[in-house]
Enquirer: 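The structure is given below, and queries will be raised subsequently.
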There are 2 protein chains.
Amino acid sequence: MAMTHTQSRFNSTLTSQCQNCSLSALCLPIALADEDINKLDQIIERKKPLKKGEFLFRQGDTFDSVYAVRSGTLKTFNITSFGEEQITGFYCPSELVGLSGIDSNVYPVSAKALETTTVCEIPFSHLEELSTQIPSLRHQLFKVMSRKISDDQQMMVLLGKKNADEKVASFLLNLSNRFKKRGYSASSFRLSMSRGEIGNYLGLAVETVSRVITRFQKSELVHVDGKEIEIVDFPEMQKLVGVASDCGKITQI
Amino acid sequence: MAMTHTQSRFNSTLTSQCQNCSLSALCLPIALADEDINKLDQIIERKKPLKKGEFLFRQGDTFDSVYAVRSGTLKTFNITSFGEEQITGFYCPSELVGLSGIDSNVYPVSAKALETTTVCEIPFSHLEELSTQIPSLRHQLFKVMSRKISDDQQMMVLLGKKNADEKVASFLLNLSNRFKKRGYSASSFRLSMSRGEIGNYLGLAVETVSRVITRFQKSELVHVDGKEIEIVDFPEMQKLVGVASDCGKITQI
DNA sequence: AGTAAAACTTGATCTGTATCAGAAAGTGAT
DNA sequence: ATCACTTTCTGATACAGATCAAGTTTTACT
């Protein structure tokens, strides 16, 4: 039956291992010895896929795990004092979500799937315990958190100092870099988030995002077809952003 | 001789210990057993004071230590692609500077003293090593980094969604909270940064900061005298910011 | 496939904040 | 104390991007 078939596909996902995971070179297992990867593997739970719009966790939920995205995309967001949503990040495969919950034992943001998304759940207490036994894992964790801090600071620069063109160009190049790092095309990809979500994230109105993208299209910087985007003129885009010093280092705008 | 005298004062500072430090309840030693505090104490170097304008480290320097501020204030900033400074944070006593350097082994920002400032240097490799032996220290470190991540995300909300009044009010209440936590007055304090630096940090022009503060003064929200500031009408200020949901949790805007 | 809702685009107008300009008040060095 | 320099304040003007208003396309559900 179809049901059973689907179920079995899920199971195969659920039983997959860090060793076989194509993301292991980017995710936590970096530089772990085989036996260490095994230990890590044992504490990780593969969860069944989230459908578009489903929550991974909600602002205020008790924190107990961080999650590595396996496929799909997530956004994290805050609900501000007057009920508006403020997106604080988008998460691609191999990226870790939920680190901001460690401090207060409560997630300070909500995480929601932008498309069908699978994640590996990593119970934090186990991860912490394991990091005692595996120094390189501990170091890796510190690095991931440190990276997040410097990325967020780059984002603060973007929000505080850049104009609409620069914001959108930075955003697109940043996505491009992240795709490239995962072995996908750096020039052609699909935006899993809406124009509205891009605007929300960048501190711009939807209309502005739309206009900027149209303008980029007209000046042959990019080709756009709905959510499909192709970056045509990298040099010019990089010039807009302020080139090397910025976009190279940012993993996540 | 004056020289000798000064020198000896420095020495007394340099030999002070975590146990006697009034900041230990806020800094890393939180919840450490006495013997553990001793271990931590041994890896920490008290440095001689930085004068106003001196650098603690520069963007691009090799990372090897994080620093706890003992007295005074620091700012961290980036130099953007076209040479302008973008301030990414202000650091008060007990706060940890330099965590963003762990990832790349290079500080991605510069840190400069806003006034005479003393810091404790904590060589990171030692700290990491020590965190293996002391689980509560390791946990504390994760918490500090996690807190920084969620604080930075609040800052992103501020930069992306708030208007000038809300930004300045958030900034002042945030400082107020940080002073309060350290046992100083929550209502009266001295701004160690210039209007220009506040504006830079908040994504506003100097003139706007000045105007907003003047307006706050006229509507009796605050009393200002140069760098001295007194928050008079907390409820109204909190209303501006969006009250509870925001300012309570933010340690560092 | 058909329809309702959501997302996107484009144009016209409005507005908050930047920018420009100059005066006033502080600050530091000689 | 004086001078040069920096910071702060205040006013006038300009403009990037928000908001408002439609129209069009895409998406999702039955």
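So that the names make sense, note that chain A is the first sequence line, chain B the second, and so on, each numbered from 1.
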Enquirer: Using a distance-only criterion (donor-acceptor N/O pair, under 3.5 Å, no hydrogens), is the base of C/dG11 paired with the side chain of A/R211?
Expert: yes
Enquirer: Closer than 4.0 Å, any side-chain N/O of B/T208 to the OP1 or OP2 of C/dA18?
Expert: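 It does, given that an N or O in the side chain of B/T208 lies less than 4.0 Å from OP1 or OP2 of C/dA18.
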Enquirer: Take a 6.0 Å sphere around CZ of B/F179 and say whether it holds more than 12 heavy atoms from other residues, nucleotides or ligands.
Expert: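 Yes - once you tally the heavy atoms of other residues, nucleotides and ligands closer than 6.0 Å, there are more than 12.
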Enquirer: State whether A/F55 and A/R58 meet the cation-pi test: NZ (Lys) or CZ (Arg) under 6.0 Å from the six-membered ring centroid, and within 45° of the perpendicular axis.
Expert: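 Yes - A/R58 lies over the ring of A/F55, closer than 6.0 Å to its centre and within 45° of its axis.
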Enquirer: Under a plain distance cut-off of 3.5 Å, with no hydrogens placed, do B/T80 and B/Q86 share a side-chain donor-acceptor pair?
Expert: no
Enquirer: Just how far, in rounded Å, is C1' of C/dT9 from CZ of A/R195?
Expert: 10 Å
Enquirer: Could you check whether A/Q154 and B/N78, counting side-chain N and O atoms only, form a donor-acceptor pair closer than 3.5 Å?
Expert: yes
Enquirer: So what does B/A205 touch, heavy atoms closer than 4.0 Å: a base, only the sugar-phosphate, or nothing?
Expert: base
Enquirer: Would you mind reading off the distance between A/K52 atom NZ and C/dA6 atom P, rounded to a whole angstrom?
Expert: 12 Å
Enquirer: Give the residues of residues 212-226 of chain A touching DNA chain C, defined as any heavy atom closer than 4.0 Å, sorted by residue number.
Expert: A/T214
Enquirer: Just the rounded figure in Å: distance from P of D/dC15 to CG of A/D165.
Expert: 16 Å
Enquirer: Would you work out how much the helix from C/dA1-D/dT30 to C/dT30-D/dA1 bends between its ends, with each end axis defined by five base pairs, to 10 degrees?
Expert: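 Computed angle between terminal axes is 70°.
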Enquirer: Roughly how many Å is it from CD in B/E197 to P in D/dT6, rounded to a whole number?
Expert: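 From B/E197 CD to D/dT6 P: 14 Å.
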Enquirer: Using whole Å, report how far NZ of B/K162 lies from P of C/dT17.
Expert: 14 Å
Enquirer: Tell me, yes or no, whether the heavy-atom count around B/K227 atom NZ, taken from other residues, nucleotides or ligands under 6.0 Å, exceeds 12.
Expert: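 Yes, because the 6.0 Å sphere around NZ of B/K227 holds more than 12 heavy atoms from other groups.
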Enquirer: Calculate the interatomic distance between A/R190 atom CZ and D/dT26 atom P; express it in whole Å.
Expert: 13 Å
Enquirer: Regarding B/S210, tell me which of base, sugar-phosphate or nothing describes its non-hydrogen contacts under 4.0 Å with the strands shown.
Expert: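 Answer is base: heavy atoms of B/S210 come under 4.0 Å of a base.
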Enquirer: Can you identify which nucleotide, out of D/dT8, C/dA21, D/dA12, has its nearest atom closest to the B/K227 side chain?
Expert: D/dT8
Enquirer: Applying the salt bridge (charged side-chain N to carboxylate O under 4.0 Å, His left out) test to A/D165, which of A/K239, A/R211, A/R215 qualifies?
Expert: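 Of all the options given, the one that passes is A/R215.
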Enquirer: Taking for each residue the nucleotide of DNA chain D bearing the nearest heavy atom, is the 5' side occupied by A/L204 or by B/M193?
Expert: B/M193
Enquirer: Please determine, by modelled atom types, if A/S100 and B/S150 share a side-chain donor-acceptor pair under 3.5 angstrom.
Expert: no
Enquirer: Pairing donors with acceptors under 3.5 angstrom, does anything connect the side chains of A/T118 and A/K47?
Expert: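 The criterion, which ignores hydrogens and geometry beyond distance, is not satisfied for A/K47 and A/T118.
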Enquirer: Take the protein atom CG of A/L114 and the nucleotide atom P of C/dA7, then report the distance between them rounded to whole Å.
Expert: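 After rounding, the reported distance stands at 12 Å.
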Enquirer: Testing the 3.5 Å rule here: is there a donor-acceptor pair between the side chains of B/K52 and B/T116?
Expert: no
Enquirer: Report which part of the nucleic acid B/G199 touches: base, sugar-phosphate, or nothing (heavy-atom distance under 4.0 Å, all strands).
Expert: nothing
Enquirer: With no angle test and no hydrogens, is the base of D/dC9 tied to the side chain of B/E207 by a donor-acceptor pair under 3.5 Å?
Expert: no
Enquirer: B/F90 vs B/F171 aromatic rings, parallel, tilted or perpendicular, using cut-offs 30° and 60°?
Expert: perpendicular
Enquirer: Provide, to the nearest angstrom, the distance between the NZ atom belonging to A/K161 and the P atom belonging to D/dA16.
Expert: 18 Å
Enquirer: With heavy atoms under 4.0 Å as the rule, sort B/G203 into base, sugar-phosphate or nothing.
Expert: sugar-phosphate
